[in-house]
Amino acid sequence: MVLLKLNRKVRMKGILAFVMLVLGFFMPFVAHAYIGVTIVMSVQTPANLEFVEQFNAELAKNKQVNLKVNVITLADEEKLVVADNSELVIALGVKALEAASKLKRSTPVLGVFTPLPAFNSIIAKSGRELGNFSAILLDQPFSRQMSLIKQVLPKAQKIGVLLSNTSLKYIEYVRDEGEKRGFSIEGGKVKQETDLIPQLRKLLDSVDAILAIPDPAIYNRETAQPILLTSYRYQKPIFGYSQSYVRAGAIAAVYSTSNQLAKQAAEIAIKARPSSSYLPLPQVPKYFSIMLNYQVARSLNIPLLDEDEVLQRMLESDASEDM
Amino acid sequence: MINKLIHNSFFALSLMFFLSISSVWAAAVEPIKEVTEDDYIGDLPRVLTVSRLSQSVTDAPSAVTVIDRETIRASGIVDLPEIFRLVPGFYVGTNAGFIYNTNAVVSYHGMATSFAGTMQVMINGRSVYTPIFGGVKWSELPISIADIEQIEVTRDPNAASYGANSYFGVINILTQHPSEAEGNSVSISHGNCRNEAFYRHGGKLKDLNYRITTGYREDNGLDNRNDFKRTRLLNAQADYQINDTNNLEFEFGIANGTREDGNPDKDYVLFVPREREMFNHFELVRWQHSISDSSDFQLQAYHSTDRSNDNFTSTNLRANAAKFLKENGYSSAAASAVVSTFRDDQVSISNDIDTERYDIEAQHTFSPAKDLRVVWGASARQDEIYAPYWLGTKEKDKFNLQRLFGHAEWRINHKILFNIGGMVEHNSFTDTDFSPRTSLNFKLTPKQTLRLGVSSALRTPNYVEEKFNAKVMIPLIAPFPTGVVYAFQDAGNVKPEKIVSREIGYLGDFGKLSLDAKVFNDEISDYIITPKIQGFVSPPGTVNLSGRPRSGENGGNVLINGFETQAKWKPTNKTNFLLNYSYVDISSKEEETARDIGMSMPRHTFSGLLTHRFNALWDASYAYYQTSEVAALGDGGYVGLARRSDVRVARKFKAERTSGEISAVVENLFNEHYQEFADYNTLKRRARVNVRLDF
């Protein structure tokens, strides 16, 4: 009974969030021009520090030296305090974005290093609105990943995707983007942990490659070993979503570096600065890199071009597709 | 402006709409692990490190056959050595021989003996080649077939990578990684002459993955042979991920059981039909350290012990020895006279054999440039052997071995690949030797490869050939001297046998069809033989009651030419064909090889495996094996053309938390009574049922 009530409450909240999401988009609100940028992080990771450095460099390059950059490393549970109406807050990572979402609603917040699902739950939970709450997502568009697969395995026909309850909703997007490039997409559903390897084996029986989609229920530290080893036994490559996965044994991945994300963030910070401007909607990384694992490719007898060449070809094929 | 935004972000928005609804719904059901930036930028353990990645078959310097799990399952084999019937150029013979010897014969390119010692055999990189007789005691390995992930067979001398004794080829059996075998599995087989039960458990404790398999096997062997085998085994494997760049692997195995030994048709006086107890175990630890993306280091150490307890008493000598003496050149009268001087009715023989091995190996694999991959390393080994009957001493004998090896693979351009390697080996028997190898692989097209290769290897004499001093003393009444029944009196100083193998290989991949073919020329020199010693005289104070003993020495040259091919054809997703054929021609001079070895390998061997999956539940396979006439060496002998058909039918099932398979195998479906290895091993039709439950 209690559960039911809770369910209804949560569902109501979900619908509310959706309504707000759509409405918020059209609702004008007061926006102030900011005079500074506050970059918030919860941990000083190399990626975060690199971001800060490059962000400053980008501002300097664009002669935006009057835009003062302030960096805050937030301790756990510490409340974020930022000068009202004069700052653009760039939150690095999910924790920092969560903290930033509790700021005054009029403070513009741009999340970086944030996956889309996390962004969604933060915006739903905080009741913030699009328009001055946005993000450069970590999610690379599936089209880009399909484009990479096409360049690496031009003759591939079937691509397998492992999905848990969490990531099941992606299948249609993956399928659409795959079909555009002539791939048929086969999904393998992992209901519980013990299904993982059997489902993977089943997929590997029929597909030419596996595309990994970020999903902690499937791809995590513990499962990297059995997933990569099993695929290797079947002599089928895995396309990962991070440099780490490529280092661990995936054949290739599309990813964006801290520098690339910093460049995009700086562009947004500069463009949105005039008082009347909105932050753009959450967007996928504009600049990206690829990483190829030549050792794995060689062992699987897959000929690979140089990374630069492959990237160039991806950009060319994307350009022709976008018309 | 807004319109443009909507247009540009249509994808993002529609996705968000979908997600905001579903993620909230999911959150209400159970707390879900949400993706964070760590999933994208967090580190992961290195899994497919350079040393774990094997060369692609098309880049390898030699012919390589990979037998996967599915092929092993489909073949329906019950004994591990049988799988090698599906590798071109192999001869496999079931054998219930004589001494220490209820063992299958697995040989490649000939010289098949009851302890075929011309191949290196490893399990996860650990050599299981026995130092005393050479070869492998297949039935005593603490391994369950169900734990095997794949078997890599290098069909070429590969001393440059695996050292001496990687002579005609190398078999490396790889078991499943513990993380690939989570859960429980029970497998029970029952059939003619055979009962088996195995239980396996795989689990995970934080960063430790482990697997434990335990099993029981009962094998009544062949008709009219004294070859019952009972085996209990336990095998454990664990992998501990210390951090992203370091991991430790542990392996442990133990087996014991009863073996029947001795057969009345050869030695009915001393080595009587009897039972012996075998016991072996091993422990291995391996540290893998990933230095960088393209460089890693591995350190492996293992210890193994192998015991055979075999103390027995002969038959009544007075009653049975006369016939034996007559066979060894005594006249009837002399035989009776000798027998009357025997002091005892019987003689006791201590045929215990204990061998112990310590081995440590370090290996560094790295890629100094994108087109270059290098592996080098060193190893040291000590074998300790206690075999009072065979070595003629109660002292342990020690055999030491040190190696230094290196191999480089250089991709000159996208069409040409160059492999070069070598190993320097120093051992107690034959001092220092060097075995080099090289090959050029040409990619004719992206899917076709032509390979030209030359490789050399050595076979260190085993104890049989170098150090045996086997005899049985039979006390006679005074004043007569002691009687001696001789088997071996090795003079020692045998040089290693050398092989230089040249080959032209072809690999083609045409989508549904793939081909592997090679023509080869193996040149063997200093072929090791064990003839009876010319003009042997029993030392003063003894009288020779048997024929002359044997001694290892180097004979002449042997030339082996041939052709072998494997085709894999997958006409549909549900049907697979695997076909193997080999033609082997051995030429040698009989006076140089002590006996005619020209027929020690069937000239023609053919094998095929057809598997078909009818639906998600049912599948069946048909295996066919044919070998032309062969006269194996050692205890082997002439056997004629052999044909055999095996059939397997399996049905999978799945309940809520349990899945499994029930299967039936009929070996030698048409019940053609044929012989393998020697005329005393007759194979008939046998059937088996297996049930496997995974939960």
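Residue numbers start from 1 in every chain, and the chains themselves are labelled A, B, ... in the order their sequence lines are given, proteins ahead of strands. Only heavy atoms go into these numbers, but all of them, side chains included; no hydrogens, no water, no symmetry mates.
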> Applying side chain to side chain contact (heavy atoms under 4.5 Å, CB included) to B:D68 and A:R233, what does each step give before you reach the verdict?
CA-CA 8 Å; B:D68 60 17; A:R233 310 259 203 229; over 6 Å; no
> Measure the spacing between CG of B:L48 and CD1 of A:I251 and express it to the nearest 0.5 Å.
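Going from CG on B:L48 over to CD1 on A:I251, the span is 10.5 Å.
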> Sort A:A118 into side chain, backbone, both or neither according to what part of it lies under 4.5 angstrom from a heavy atom of chain B.
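Answer is both: backbone and side chain atoms of A:A118 are under 4.5 Å from chain B.
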> I'd like to know which of A:V296, A:L92, A:I197 tops the heavy-atom pair count under 4.5 Å against chain B.
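Top option by heavy-atom pairs under 4.5 Å: A:V296.
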> Would you say B:I41 and A:Q243 make side-chain contact, with heavy atoms under 4.5 Å?
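Not touching, per the 4.5 Å side-chain cut-off.
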> Can you measure from NE2 (B:H414) to CG (A:L305) and round to the nearest 0.5 angstrom?
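Here the rounded value is 10.0 Å.
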> State plainly whether the residues A:R221 and B:D244 are in salt-bridge range, i.e. N to O under 4.0 Å.
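Salt bridge between A:R221 and B:D244, a charged N being under 4.0 Å from a carboxylate O: yes.
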> May I ask you to decide whether B:K206 forms a salt bridge with A:E222, counting only side-chain N to carboxylate O separations under 4.0 Å?
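Here B:K206 does not pair with A:E222 in a salt bridge, since their nearest N and O are not under 4.0 Å apart.
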> Can you confirm whether the side chains of B:E34 and A:S121 place a donor and an acceptor under 3.5 Å from each other?
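Side chains of B:E34 and A:S121: pair found under 3.5 Å.
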> Does A:S244 reach the main-chain N or O of B:G42 with its side chain, forming a donor-acceptor pair under 3.5 Å?
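A pair under 3.5 Å: yes.
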> Between B:D694 and chain A, which part of the residue has a heavy atom less than 4.5 Å away: side chain, backbone, both or neither?
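Contact with chain A is absent: no heavy atom of B:D694 under 4.5 Å.
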> Could you tell me the separation between the CD atom of B:E180 and the CG atom of A:L200, rounded to the nearest 0.5 Å?
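These two atoms lie 9.0 Å from each other.
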> Just so I know, are the side chains of A:P216 and B:V35 near enough to count as touching, which here means a heavy-atom distance under 4.5 Å?
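Yes - at least one pair of side-chain heavy atoms lies under 4.5 Å apart.
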> Under 4.5 Å from any heavy atom of chain B, what part of A:P214 do you find: side chain, backbone, both or neither?
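Both backbone and side chain.
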> Quick one, B:R373 and A:Q295 - any side-chain contact, counting heavy atoms below 4.5 Å?
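A side-chain contact exists here, since the closest heavy-atom pair is under 4.5 Å.
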> May I ask you to decide if A:V94's main-chain N or O and B:E37's side chain share a donor-acceptor pair within less than 3.5 Å?
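A pair under 3.5 Å: yes.
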> Do other residues, nucleotides or ligands put more than 12 heavy atoms under 6.0 Å from the NZ atom of B:K204?
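Buried by this count: over 12 neighbours within 6.0 Å.
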> Would you mind checking if B:E70 and A:R201 are paired as a salt bridge, meaning a charged N to carboxylate O distance below 4.0 Å?
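Salt bridge absent between A:R201 and B:E70.
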> Ion pair present between A:R247 and B:D43, side-chain N to carboxylate O less than 4.0 angstrom?
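Here A:R247 does not pair with B:D43 in a salt bridge, since their nearest N and O are not under 4.0 Å apart.
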> Is chain B contacted by the side chain of A:F113, its backbone, both, or neither, given a heavy-atom distance below 4.5 Å?
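For A:F113, backbone and side chain are both near chain B.
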> Tell me whether A:K202 at atom NZ has more than 12 heavy atoms from other residues, nucleotides or ligands lying less than 6.0 Å away.
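Not buried by this count: 12 neighbours or fewer within 6.0 Å.
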> Taking C-beta and beyond as the side chain, do B:K370 and A:D306 meet within less than 4.5 Å on heavy atoms?
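They are in contact (side-chain heavy atoms under 4.5 Å apart), so the answer is yes.
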> What's the verdict on side chain to side chain contact (heavy atoms under 4.5 Å, CB included) for B:E409 and A:R298, showing C-alpha distance, side-chain angles and the deciding distance?
CA-CA 11 Å; B:E409 172 204 293; A:R298 185 182 293 183; 2.8 Å; yes
> Excluding sequence neighbours, so at least two apart, what forms side-chain hydrogen bond (donor to acceptor under 3.5 Å, both in side chains) with B:E249?
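Expected list: B:R52, B:R286.
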> Taking atom types as modelled, find out whether B:K447 and A:N301 have a side-chain donor-acceptor pair closer than 3.5 angstrom.
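There is no such pair (donor and acceptor under 3.5 Å, judged by atom type) between the side chains of B:K447 and A:N301.
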> So, using ring pair (Phe, Tyr, Trp, His ring centres under 6.0 Å) as the criterion, who are the partners of A:Y241 when residues are at least two apart?
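Counting only residues at least two positions away or on another chain, A:Y241 forms a ring pair (Phe, Tyr, Trp, His ring centres under 6.0 Å) with A:Y245, B:Y40.
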> If you measure from CG on A:L229 to NE2 on B:H177, what distance do you get to the nearest 0.5 Å?
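These two atoms lie 5.5 Å from each other.
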> Is A:T230 close to chain B through its backbone or its side chain, or both, or neither, when contacts mean heavy atoms under 4.5 Å?
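Contact with chain B is through both the backbone and side chain of A:T230.
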> Would you check, one step at a time, whether the test side chain to side chain contact (heavy atoms under 4.5 Å, CB included) holds for B:L53 with A:Y232?
CA-CA 9 Å; B:L53 292 168; A:Y232 182 62; 3.5 Å; yes
> How long is the straight-line distance from CD of B:E182 back to CD of A:E193, given to the nearest 0.5 Å?
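These two atoms lie 6.0 Å from each other.
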> Using non-hydrogen atoms only, which part of B:T36 is less than 4.5 Å away from chain A: side chain, backbone, both, or neither?
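For B:T36, the contact with chain A is made by backbone and side chain together.
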